[in-house]
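These notes concern the structure reproduced below.
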Amino acid sequence: MPSYYKLYQRSTLGIALTDSLDELIQAGHITPQLAIQVLEQYDKSIALALSTKVKAKAVIKGNLRTYRFCDDVWTFIIKDPTFKFDHESVSADKIKIVACNAKRPGE
Amino acid sequence: MSNSIVATIYRYVIDDVVHNVQADFEGHGVDTSVLEELQRSWEAKIVQSRVASFPDDDVAAIDAYGQPAPFHQHGGSGGGGGPDSGGYAAYHYSHHPQHHHHQHYLQHHPHHHQAEQPRQYAGATEAAGVNSAASLASIINPESMAPSAASLASLAQSGRGQLLEDDDDDNAVAGMGGGGGAAPGRRYGGPPSNVPQHDGAADAVPAPRPQPRDAMAEWRALRDERIRAYKLAAAVPQVDGVSDDEDDDDDDDASGRGAAGVKDGPVEAAEDAINSDLDDSDEEEDNENNEDSAHIILCQYEKVSRSKNKWKCVLRDGIMLINGRDYLFQKANGDFEW
């Protein structure tokens, strides 16, 4: 069985799930093992949803402030980024990008 | 609007996860009502976070009754709903608790959402300190077993709240310093073997069945990882410098050279020497730290290349959190200048 990145556990959806699971653990309704199984399923579901259900494309521009490559993970901090989607543009003062290798080891 | 697909995708993921873990729940002998509660709680948190455009009906339903209307019954986007109709706990971004919403909500469901209450206050500047103090007190007092479970959650929440929200509210950092700082230390710090004894998972939680410690430790480790990831995010620009020194670098470089050499040895001094060229950017990066968790892209890279100061990145499968909204992309090209 292929493994999936835990990266997306840090997203809004992942944090919400982890919090909900933690509440159930604290209340004694589920065991941590079960919670971990749920998170593993989440890793799989979100990865598949992103790769098969999402069609949006984006262009990101900005000034690269900090870059780091460690353990096969790129981290960028972009100053004054602009994001162009198909029908929408968004800007921010700064954004952090955390990117895992799209080619997982063993693939 | 790119944001509009987010709700659809999130619903799909929630449904997919819930559907696929049903067998796991059965295998553990856990009632399906718990799984339903998980789904309800998860959906509610996402709606409350307001990162995506969910039908206003869902939001209003949560406000009024503490339970979201089932996602699937609302096909289109609702038209109504006031600007504050959802805002009792946008747990990432709301710095202003709306107390009347709380009370209303808690009156209706005081029991179900006991554990969610701390979250709502964790985002509040003035309430967080009180909450943390109360939580600590309840931990110290070994007799208050039932509250301490919620308190632990609130401690953890305070910690995360601090990490997430210290971008634009210095008072929050100061006010939550005790609770927020103590939470990771007490709960997540130290070797795994210490964890279960410290916060007393076993004594605080009346678990229906014995929980092997290593599983609890593993769960904690996962959370620990997440918390650390936030800290790491905040610490990235500091790694190369005198990370924990709040003082001006001028002090270190000018007068503190000799002392630093004696105290910390040549390695530290060498870092100082390298870093001394970067005094300006250090200050700016201090500001950057605080905002790291506010805007973030989680994705995978296919290619990263550089030519002189131009960087090109081909990214895919991304989740972006920008200005409190989530965006998704299948593919993104990044053009950056260093």
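Each chain gets a letter, A, B and so on, in the order its sequence line appears, and its residues count up from 1. Excluded from the calculations below are hydrogen atoms, water molecules and symmetry mates; all remaining heavy atoms, backbone and side chain alike, are included.
Among A:L50, A:L13, A:D43, the one residue that satisfies the side chain to side chain contact (heavy atoms under 4.5 Å, CB included) test with A:Y8 is A:L50.
In this structure, A:D71 contributes its side chain and A:V73 its backbone to no donor-acceptor pair below 3.5 Å. In this structure a side-chain-to-backbone donor-acceptor pair under 3.5 Å is present from B:H295 to B:N323. A:S51 places a side-chain N or O within 3.5 Å of a backbone atom of A:A47 that can act as its donor or acceptor partner. Distance alone, capped at 3.5 Å, places no donor-acceptor pair between the A:S45 side chain and the A:Y42 backbone.
The candidate with the highest count of non-hydrogen atom pairs below 4.5 Å against chain A, out of B:K331, B:M320, B:K303, is B:K331. When each of B:V34, B:V18, B:N20, B:I297 is checked for heavy-atom pairs under 4.5 Å with chain A, B:I297 comes out on top. In terms of non-hydrogen atom pairs under 4.5 Å with chain A, the most contact-rich of B:C299, B:C313, B:A52, B:G27 is B:C299.
Between the CZ atom of B:R11 and the CD1 atom of B:I46 there is a distance of 11.5 Å, given to the nearest 0.5 Å.
Looking at B:Y301, the atoms closer than 4.5 Å to chain A (heavy atoms on both sides) sit in the backbone and in the side chain alike. For B:W338, the parts sitting under 4.5 Å from any heavy atom of chain A are the backbone and the side chain alike. Heavy atoms of A:L21 lying under 4.5 Å from chain B belong to its backbone as well as its side chain. Contacts of A:I78 with chain B are made by side-chain atoms alone, with heavy-atom separations under 4.5 Å and no backbone atom involved. In this structure, chain B has heavy atoms under 4.5 Å from both the backbone and the side chain of A:L34. For chain B, the nearby parts of A:V38 are the backbone and the side chain; heavy atoms of each come within less than 4.5 Å. Using a 4.5 Å cut-off between heavy atoms, B:L298 contacts chain A through both its backbone and its side chain. Neither the backbone nor the side chain of A:T52 comes within less than 4.5 Å of any heavy atom of chain B. When heavy atoms are compared at a cutoff of 4.5 Å, B:L38 approaches chain A by way of both its backbone and its side chain.
Contact check on A:E23 versus B:K45 returns a salt bridge, with a Lys/Arg side-chain nitrogen under 4.0 Å from an Asp/Glu carboxylate oxygen.
Using a 3.5 Å distance cut-off with no hydrogens or angles, the side chains of B:D317 and A:Y5 do not pair a donor with an acceptor.
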